[in-house]
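Nothing fancy with the numbering, it's 1 onward along the sequence.
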Amino acid sequence: MDTAGKVIKCKAAVAWEPNKPLVIEDIEVAPPQANEVRIKIVATGVCHTDLYHLFEGMHKDGFPAVLGHEGAGIVESVGPGVSEFQPGDRVIPLFISQCRECRFCKSPKTNQCEKGWAADHYDVMALADSRFTCKGKKVLQFMGTSTFSEYTVMNQIAVAKIDPAAPLDKVCLLGCGVCTGFGAAVNTAKVEPGSTCAVFGMGAVGLAAVMGCKFAGAKRIIAVDTNPEKAEKARVFGATEFVNPKDYNRPISKVLAEMTNGGVDYSLECVGNVDVMRNALESCMKGWGVSVVVGWTDKHDFSARPIQLIAGRTWKGTLFGGFKSKDGVPQMVKAYMERKVKLDEFITHNMTLAQVNEAIELMKRGGCIRTVLSVSRH
Ligand code: NAD
Ligand code: ZN
């Protein structure tokens with residue numbers, strides 16, 4: 001059946017309000033407008049940022065919404081003015097756009113883009129406009145992507161065309177977690193060969209950061225997590241040591257300083273906790289240590305003593321691992337196809353969209369690395 005130009009009725013997991021289970025609903029997805037692409041989502045990962053919006057951020061203007069931002073799919077139809085994509089293209093929706101025209105896109109210093117939702121909607125985490133309705137109500141597109149839906153509509157500046165041979169149920173992880181962690185080490189921290197790194201939080205983002213540290217040639221990679229079950233996975237991705245802060249009655253920064261004769265060269269916070277962010281900074285070597293904030297939170301201030309920075313440490317943050325999204329994602333897909341980066345090892349569970357609440361509960365309990373949901377058949 002040709003669906004181009006028509007409203008599509010399909011299944012999506014709707015977050016009607018904060019802190020409540022998602023509800024599988026029939027939603028209407030409008031045809032793509034100018035410069036837009038309608039995508040059939042084949043698979044999606046569940047990332048902690050989805051949980052953050054639902055249980056922590058809970059901004060009242062951010063609901064109802066369809067969550068999900070780590071997906072992969074196939075172009076169903078395109079709107080007027082789209083020449084880069086055609087029906088059948090394999091794509092990854094991008095929660096950060098790359099318009100290639102704004103002052104940010106033109107600068108090699110950043111991957112921020114002035115045109116996407118992220119430009120000024122960090123609190124609500126969605127654009128004001130949406131192509132979704134359900135029961136007569138407008139439903140927001142979380143992070144612009146909404147991959148917990150059989151179909152979504154994206155502006156072409158936020159879609160990456162990928163190798164048609166790439167398995168969508170694996171490369172979906174490059175839509176967020178894996179690019180974020182890997183890029184945080186390689187692009188943002190700029191880890192150097194022979195260096196010592198500490199990565200806090202061994203979810204998919206932290207494990208990808210470990211993989212990035214190894215890729216960049218780090219000699220020692222210390223994985224830090226309060227869940228001892230994460231130790232084994234950390235080693236799979238290249239960690240040389242594992243430290244559980246709960247095993248010590250002194251600050252983890254002191255423990256790491258003792259292990260490394262003063263501190264690590266690079267630390268990456270992949271938890272989303274402001275106290276851990278401070279610990280990560282304080283674990284760095286004075287003089288040159290670099291600490292990167294990867295974990296997502298916009299709820300609390302963080303603090304540290306100025307002397308930490310005066311003494312020569314650098315504190316940075318990263319969005320999507322510093323990758324310019326449209327350029328970076330196809331390159332990472334290629335790296336996976338050439339077996340230069342791992343993806344399959346992140347996936348501990350496979351479920352369907354109908355099981356999304358189960359997947360969310362599993363992540364909350366720390367019972368998975370990544371659950372990939374199959375969303376529609378292809
Ligand atoms: P996750 O829930 O799978 O992993 C978090 C890990 O942190 C778990 O293994 C948990 O045991 C561990 N942890 C919890 N408290 C800890 C502590 N005090 N010390 C050490 N470890 C601790 O989450 P994820 O999907 O890997 O995401 C990690 C973070 O990255 C989240 O905050 C997420 O929102 C954020 N994120 C940021 C970006 C970005 O662009 N900056 C993109 C994606 C995700
Ligand atoms: Zn994410």
S.K.: Is there a side-chain contact between L173 and E70 in this structure, where contact means two heavy atoms from C-beta onward sitting under 4.5 Å apart?
M.R.: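 Result yes, sub-4.5 Å side-chain heavy-atom pair found.
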S.K.: With side chain to side chain contact (heavy atoms under 4.5 Å, CB included) as the test, would you mind laying out the steps for W16 and C134 before giving the verdict?
M.R.: CA-CA 10 Å; W16 287 106; C134 181; 3.7 Å; yes
S.K.: Counting only heavy atoms not in K233, do more than 12 sit closer than 6.0 Å to its NZ atom?
M.R.: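 Count over threshold, so yes.
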S.K.: Is R305 paired with E282 through a side-chain N to carboxylate O contact shorter than 4.0 Å?
M.R.: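 The answer is no: the pair does not qualify as a salt bridge.
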S.K.: Any chain of hydrophobic side-chain contacts (each under 4.5 Å) joining V290 to V276?
M.R.: no
S.K.: Taking atom CD of E258 as the centre, report whether more than 12 heavy atoms of other residues, nucleotides or ligands fall under 6.0 Å from it.
M.R.: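 For E258, atom CD is crowded (more than 12 foreign heavy atoms under 6.0 Å).
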S.K.: Check this for me: E229, atom CD, are more than 12 non-hydrogen atoms of other residues, nucleotides or ligands nearer than 6.0 Å?
M.R.: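 Atom CD in E229 is not crowded, with 12 or fewer foreign heavy atoms closer than 6.0 Å.
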S.K.: Below 4.5 Å, heavy atoms only, C-beta onward: do L22 and L54 meet side chain to side chain?
M.R.: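 Yes, close enough: below the 4.5 Å cut-off.
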S.K.: Kindly compute the distance separating CZ (F302) from CG (D275), expressed to the nearest 0.5 Å.
M.R.: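 Reported value, rounded in 0.5 Å steps: 12.0 Å.
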S.K.: For F55, is the NZ or CZ atom of K364 found under 6.0 angstrom from the centre of its six-membered ring and inside 45 degrees of the ring axis?
M.R.: yes
S.K.: Compare every heavy atom of A184 with every heavy atom of V294, then report the nearest pair and how far apart it is.
M.R.: CG2-CB, 3.7 Å
S.K.: In terms of the angle between their ring planes, are F182 and F323 parallel, tilted or perpendicular, with boundaries placed at 30° and 60°?
M.R.: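 Parallel.
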S.K.: Between atom SG of C197 and atom CD of E192, what is the distance when rounded to the nearest 0.5 Å?
M.R.: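 So the gap between those two atoms works out to 10.0 Å.
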S.K.: Do the charged groups of R103 and E114 touch, with an N to O distance under 4.0 Å?
M.R.: yes
S.K.: Evaluate side chain to side chain contact (heavy atoms under 4.5 Å, CB included) for V205 paired with H48, printing each intermediate quantity in order.
M.R.: CA-CA 9 Å; V205 176; H48 201 110; over 6 Å; no
S.K.: Show, in sequence, the C-alpha distance, side-chain angles and deciding distance for V333 and I92, and conclude whether the side chain to side chain contact (heavy atoms under 4.5 Å, CB included) test is met.
M.R.: CA-CA 10 Å; V333 169; I92 291 183; 4.1 Å; yes
S.K.: Any chance you could measure S97, atom OG, to M154, atom CE, to the nearest 0.5 Å?
M.R.: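 It comes to 8.5 Å.
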S.K.: Looking at every non-hydrogen atom in both residues, tell me the closest pair between P93 and T147 and how far apart they are.
M.R.: CG-CG2, 4.1 Å
S.K.: Can V341 and V178 be said to form a side chain to side chain contact (heavy atoms under 4.5 Å, CB included), step by step?
M.R.: CA-CA 9 Å; V341 299; V178 177; 5.7 Å; no
S.K.: Quick one: does I347's side chain get under 4.5 Å of D169's, heavy atoms only?
M.R.: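 No, their side chains stay 4.5 Å or more apart.
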S.K.: Would a 4.5 Å heavy-atom cut-off, applied to side chains only, mark C172 and T44 as touching?
M.R.: no
S.K.: For the residue pair P31 and V7, establish whether any side-chain heavy-atom pair is separated by less than 4.5 Å.
M.R.: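 Counting from C-beta outward, P31 and V7 do come under 4.5 Å.
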S.K.: Is there side-chain contact between M351 and V46, with heavy atoms separated by less than 4.5 Å?
M.R.: no
S.K.: What orientation do H53 and F142 show, parallel under 30°, tilted 30 to 60°, or perpendicular over 60°?
M.R.: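 Geometry flag for F142 against H53: tilted rings.
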S.K.: My understanding is that only one of E25, E150, E28 makes a salt bridge (charged side-chain N to carboxylate O under 4.0 Å, His left out) with K9; could you say which?
M.R.: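 Testing each of E25, E150, E28 against K9, the sole residue satisfying salt bridge (charged side-chain N to carboxylate O under 4.0 Å, His left out) is E28.
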S.K.: Determine, for R100 against D327, whether the closest basic-nitrogen to carboxylate-oxygen distance falls under 4.0 angstrom.
M.R.: yes
S.K.: Does any non-hydrogen side-chain atom of N155 lie less than 4.5 Å from one of K115?
M.R.: no
S.K.: Would a 4.5 Å heavy-atom cut-off, applied to side chains only, mark H69 and D50 as touching?
M.R.: yes
S.K.: Which atom pair, heavy atoms only, marks the closest approach of E269 to G272?
M.R.: OE2-N, 2.9 Å
S.K.: Once rounded to the nearest 0.5 Å, what's the spacing between atom OG of S283 and atom CZ of R313?
M.R.: 9.5 Å
S.K.: I need the I96 CD1 to C176 SG distance, nearest 0.5 Å.
M.R.: 10.5 Å
S.K.: Identify the two heavy atoms, one from P32 and one from V37, that lie closest to each other, and give their separation to 0.1 Å.
M.R.: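 Heavy atoms of P32 and V37 come nearest at CB-N, 4.0 Å.
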S.K.: Mind checking the NE2-CG spacing from H59 to D298? Nearest 0.5 Å is all I need.
M.R.: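 Reported value, rounded in 0.5 Å steps: 9.0 Å.
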S.K.: Taking atom CG as the centre, does N19 end up with more than 12 heavy-atom neighbours from other residues, nucleotides or ligands that are less than 6.0 angstrom away?
M.R.: yes
S.K.: Does E76 pair with R38 as a salt bridge, N-O distance under 4.0 Å?
M.R.: yes
S.K.: Are F346 and F237 an aromatic pair by the rule of ring centers under 6.0 Å?
M.R.: yes
